[in-house]
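Here the structure comes first, spelled out in structure tokens, and everything after it is commentary.
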Amino acid sequence: MPGKKDAPGPGNLPPDSRPFVGRRDELAWLGEELVSGGRLLTLVGGGRVGKTRLALRAAGAARGVHPDGVWLVELSALRVGGQVPLAVMETLRLVDHSTGSAIEALSLWARDKRLLLVLDSCEHLLTDCVTLVADLLAAAPGLRVLATSRERLGMPGERVLAVGPGFAQRLVAGSSLAHPSAATASTSTSTPSLTGRATTVVRAGSGVQSAKNSR
């Protein structure tokens, strides 16, 4: 778990004083991942299931292990391809006077930083997000990305938390599922997975549950 919950520092996360009910296990898993897990985490789910608020709560708790800041980049208003790197630069308050691309400038700036980027609402700009994230992760070993989307980014090493009303499901890169936690759910249903194969989704009353892909 992060060493300093909600510690002050660089960043632009909005304040949220509302009570956060439920999602305890999801927050615990995300907290561990943001400290010592994968460098690309994606919360996947339909609209209005709470992906953004879950991401912001987890990111806020991880401020203490990202001394160069936790930065929210809101992408929902963008409609034209190629704007994602510029949106990140604006969020980070960077001014580029070089002749290179925005991605090159970001990669150069971030290469010695320890920061967390929260890319919110990636689904309509997946190609741009994948390009940016791939370049930044390669250039900056201290950078992590927490994304929200209706679709996974589909990148190597991506760890995915599928979020829905009353349930969550952990997935890792390569379409394999994380090891199931102890079963506490009352019911389970078989639904299509994000990779097109049938996956048993445990609709948990509490806790993060997962099951293996059926072949």
Side-chain angles (χ1 to χ4, degrees), residues 2 6-18 20 23 26-27 30-31 33-34 38-63 65-96 101-107 109-110 113-137 139-140 142-155 158-165 168 194:
D6 293 330
N12 68 335
L13 295 187
D16 185 2
S17 59
R18 296 172 295 169
F20 196 89
R23 304 291 191 192
E26 291 94 319
L27 284 170
L30 286 168
E33 289 290 321
L34 290 173
R39 295 177 59 210
L40 171 59
L41 308 176
T42 307
L43 305 187
V44 174
R48 305 186 67 84
V49 297
K51 300 186 301 296
T52 297
R53 193 166 181 225
L54 179 60
L56 293 180
R57 183 56 62 103
R63 285 188 178 108
V65 294
H66 297 96
D68 293 302
V70 177
W71 301 90
L72 169 64
V73 185
E74 299 183 78
L75 304 176
S76 58
L78 303 185
R79 291 292 179 266
V80 180
Q83 291 184 327
V84 174
L86 296 175
V88 175
M89 290 195 66
E90 182 176 346
T91 296
L92 294 170
R93 303 159 195 161
L94 300 179
V95 177
D96 179 25
S101 69
I103 291 182
E104 291 172 338
L106 284 168
S107 297
W109 176 85
K113 302 294 191 298
R114 292 175 55 199
L115 72 155
L116 173 62
L117 283 182
V118 182
L119 301 181
D120 188 37
S121 300
C122 297
E123 58 273 353
H124 62 299
L125 296 165
L126 280 179
T127 299
D128 287 356
C129 289
V130 167
T131 300
L132 173 68
V133 170
D135 286 349
L136 289 182
L137 291 181
L143 180 142
R144 292 183 189 273
V145 175
L146 175 59
T148 73
S149 179
R150 298 193 182 194
E151 301 178 50
R152 64 193 302 173
L153 273 63
M155 298 179 62
E158 180 181 22
R159 297 180 66 82
V160 180
L161 181 68
V163 181
L194 296 173

Handout entry: Of all pairs that satisfy side-chain hydrogen bond (donor to acceptor under 3.5 Å, both in side chains), the ones with a partner from residues 65-75, not counting sequence neighbours
Key = none
Problem - Approximate separation, where rounding is to 0.5 Å, of Thr148 OG1 and Leu41 CG - result: 12.5 Å
Fill in the blank from the handout: Separation between CD (Glu158) and CG (Leu40), nearest 0.5 Å, reads 5.0 Å
Handout entry: Partner residues of Thr52 under the side-chain hydrogen bond (donor to acceptor under 3.5 Å, both in side chains) criterion, sequence neighbours left out
Key = Asp120
Fill in the blank from the handout: Sequence neighbours excluded, the answer for side-chain hydrogen bond (donor to acceptor under 3.5 Å, both in side chains) partners of Arg48 is none
Does [X] reach the main-chain N or O of [Y] with its side chain, forming a donor-acceptor pair under 3.5 Å?
X	Y	answer
Lys51	Leu43	no
Arg144	Gly38	yes
Arg63	Val70	no

Problem - Side-chain heavy atoms of Met89 within contact of Leu106, under 4.5 Å - result: yes
Problem - Check: Thr91 and Leu72 side chains under 4.5 Å, non-hydrogen atoms - result: no
Fill in the blank from the handout: Residues at least two apart in sequence or cross-chain that pass salt bridge (Lys or Arg N to Asp or Glu O under 4.0 Å) with Glu33, listed by chain then number, are Arg159
Fill in the blank from the handout: Residues at least two apart in sequence or cross-chain that pass salt bridge (Lys or Arg N to Asp or Glu O under 4.0 Å) with Arg18, listed by chain then number, are Asp16
Below 3.5 Å, can you tabulate the donor-acceptor pairs from side chains in residues 128-137 to any protein atom, sequence neighbours excluded?
residue : atom : partner : partner atom : Å
Asp128  : OD2  : Gly82   : N            : 2.6
Thr131  : OG1  : Thr127  : O            : 3.0

